[in-house]
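Comments concern the structure below.
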Amino acid sequence: MPQSATYLATFTRGVTVHTGRRIVHLYVGLVLYGASDGLLVGAGLGLDPWDVFHQGISDHSGLSIGMVSIMVGAAVLLLWWPLRQRPGLGTVSNVFIVGLAMDGTLRLLPEVHALGVRIPLLVAAIVLNGVATGLYITARFGPGPRDGLMTGLHRRTGRSIRLVRTGIELTVLAVGFLLGGSVGVGTVLYAVAIGPLAQYFLRFFEIPQPAGQPAAAPEPEPVAPPERDLEPERSPAVAACGNRPVVGAAADPAILP
């Protein structure tokens with residue numbers, strides 16, 4: 001076989017394996033993200049800002065928190081149109097899978113009351129959320145709907161990522177709290193821990209480019225505080241939590257799924 005044909009076959013095989021790994025990262029990450037959200041709810045010690053909002057609406061509507069998450073995600077996605085944002089496979093998958101996985105976890109999780117169980121459950125949920133963020137973002141299939149809203153407003157208004165993110169999350173946190181969503185030590189611990197955890201797992205799960213394919217040039221990093229929705233702009237990875245996981249540079253833990 002000519003050398004060029006051998007190289008092409010090797011390259012094609014590498015691209016296929018690479019794409020397969022990305023798809024596995026995407027869907028395992030989204031399922032784990034929803035599961036971690038369910039564990040946060042089960043711990044009952046405070047949620048991240050978007051889930052405070054989801055829980056507040058859930059309490060007043062009679063809908064499950066996972067279903068509310070899906071509906072809010074879909075509504076936020078509609079706001080992408082005037083902002084000229086383009087959704088990816090990860091964006092659309094995020095809307096549905098995270099909410100379904102959250103509801104599924106809550107159905108399986110027994111009700112816990114003892115603080116000695118709730119605290120480890122909270123810690124496990126936050127660590128799992130960091131793992132899920134690393135998997136989801138390294139798949140590089142597009143930001144979650146909430147992070148796309150943030151980056152879209154950043155581009156259209158010229159305001160910093162930090163300011164736009166803070167404004168959005170304080171708004172949903174305040175509305176969620178007024179509606180009865182759970183705000184507590186878990187809310188604070190999540191905000192402090194998720195950035196470093198996501199940054200670590202982004203590096204841990206990063207998928208190398210296939211042999212023979214040049215690595216994508218990293219995008220400029222916005223300055224932003226470590227926090228979910230996620231979706232942080234990271235190394236040649238997807239910029240998404242939150243609640244959700246955006247293609248970007250790895251050093252910035254600001255945009256979560």
Query - 4.5 Å side-chain heavy-atom contact, Val183 and Leu47 - result: no
Pairs under 3.5 angstrom only: tabulate donor-acceptor contacts from the side chains of residues 80-89 to other protein residues two or more places apart or in another chain.
unit_1	atom_1	unit_2	atom_2	d
Trp80	NE1	Pro145	O	2.9
Gln85	OE1	Arg155	NH1	3.1
Gln85	NE2	Gly148	O	2.9
Gln85	NE2	Thr151	OG1	3.1

**Report entry** Donor-acceptor under 3.5 Å (His154 side chain, Arg159 main chain)
**Finding:** yes
**Report entry** Minimum side-chain heavy-atom gap Arg22-Thr138 below 4.5 Å
**Finding:** no
**Report entry** Listed partners of Leu128 passing side chain to side chain contact (heavy atoms under 4.5 Å, CB included), at least two apart
**Finding:** Leu32, Ala35, Ser36, Leu39
Report task. Fit a plane to each ring of Phe201 and Phe205, take the angle between them on a 0 to 90° scale, and name the class: parallel (under 30°), tilted (30 to 60°) or perpendicular (over 60°). Result -> parallel
Query raised in the report: Asp37 versus Val41: any side-chain heavy-atom pair under 4.5 Å?
Result: no
Report summary line: CG (Leu79) and CG (Leu153) are apart, to the nearest 0.5 Å, by 8.5 Å
Query raised in the report: Can you find a pair of side-chain heavy atoms, one from Asp59 and one from Leu179, that are under 4.5 Å apart?
Result: no
**Report entry** Chi angles and distances behind the side chain to side chain contact (heavy atoms under 4.5 Å, CB included) call for Phe141, Ser93
**Finding:** CA-CA 10 Å; Phe141 277 113; Ser93 299; over 6 Å; no
Report task. Say whether Ile194 and Tyr200 are linked into one hydrophobic cluster, either directly or through other cluster members, by side-chain heavy-atom distances under 4.5 angstrom. Result -> yes
Query raised in the report: Taking Ser58 for the side chain and Leu63 for the main chain, is one N or O donor matched with an acceptor at less than 3.5 Å?
Result: yes
Query raised in the report: How far does CZ of Phe96 sit from CE of Met67, to the nearest 0.5 angstrom?
Result: 9.5 Å
For residues 109-118, which side-chain N or O atoms pair as donor and acceptor with protein atoms under 3.5 Å away, sequence neighbours left out?
unit_1	atom_1	unit_2	atom_2	d
Arg118	NE	Ala43	O	2.8
Arg118	NH2	Gly44	O	2.9

Query - Leu173 reachable from Leu163 in the ILVMFWY side-chain graph, under 4.5 Å edges - result: no
**Report entry** Asp48 vs Leu40 side-chain heavy atoms within contact, under 4.5 Å
**Finding:** yes
Query raised in the report: For Ser64, what residues pass the side chain to side chain donor-acceptor pair (under 3.5 Å) criterion, not counting sequence neighbours?
Result: Asp103
Query raised in the report: Do the side chain of Thr171 and the main chain of Gly167 share a donor and acceptor less than 3.5 angstrom apart?
Result: yes
Query raised in the report: Atom CD1 of Ile161 and atom CE of Met150: how far apart are they, to the nearest 0.5 Å?
Result: 4.5 Å
**Report entry** Point-to-point distance, once rounded to the nearest 0.5 Å, from CD of Glu206 to NE2 of His25
**Finding:** 10.5 Å
Query - Residue list, side chain to side chain contact (heavy atoms under 4.5 Å, CB included) with Val172, at least two apart or on another chain - result: Pro49, Trp50, Phe53
Query raised in the report: Distance-only, no hydrogens or angles: does the Thr91 side chain make a donor-acceptor pair with backbone N or O of Pro143 under 3.5 Å?
Result: yes
Requested in this report: Determine whether Gln55 and Val68 make a side-chain contact, defined as any pair of heavy atoms from C-beta on separated by less than 4.5 Å.
Outcome: no
Requested in this report: Apply side chain to side chain contact (heavy atoms under 4.5 Å, CB included) to the pair Val98 and Ile70, showing each step before the final yes or no.
Outcome: CA-CA 8 Å; Val98 171; Ile70 292 171; over 6 Å; no
Requested in this report: Only one of Ile168, Leu170, Val164 passes side chain to side chain contact (heavy atoms under 4.5 Å, CB included) with Thr166; say which it is.
Outcome: Leu170
Query raised in the report: Given the rule that I, L, V, M, F, W and Y join up when any side-chain heavy atoms are under 4.5 Å apart, are Ile207 and Leu135 in one cluster?
Result: no
Query raised in the report: Do the non-hydrogen side-chain atoms of Asn129 and Leu197 ever get within less than 4.5 Å of each other?
Result: no
Query raised in the report: What do the steps show when you test Asn94 against Arg146 for side chain to side chain contact (heavy atoms under 4.5 Å, CB included), and what is the final call?
Result: CA-CA 10 Å; Asn94 181 299; Arg146 296 157 186 81; 4.3 Å; yes
Query raised in the report: Is the closest side-chain heavy-atom distance between Met102 and Asp51 below 4.5 Å?
Result: yes
Report summary line: For Ser182, the side chain to side chain donor-acceptor pair (under 3.5 Å) test, sequence neighbours excluded, returns none
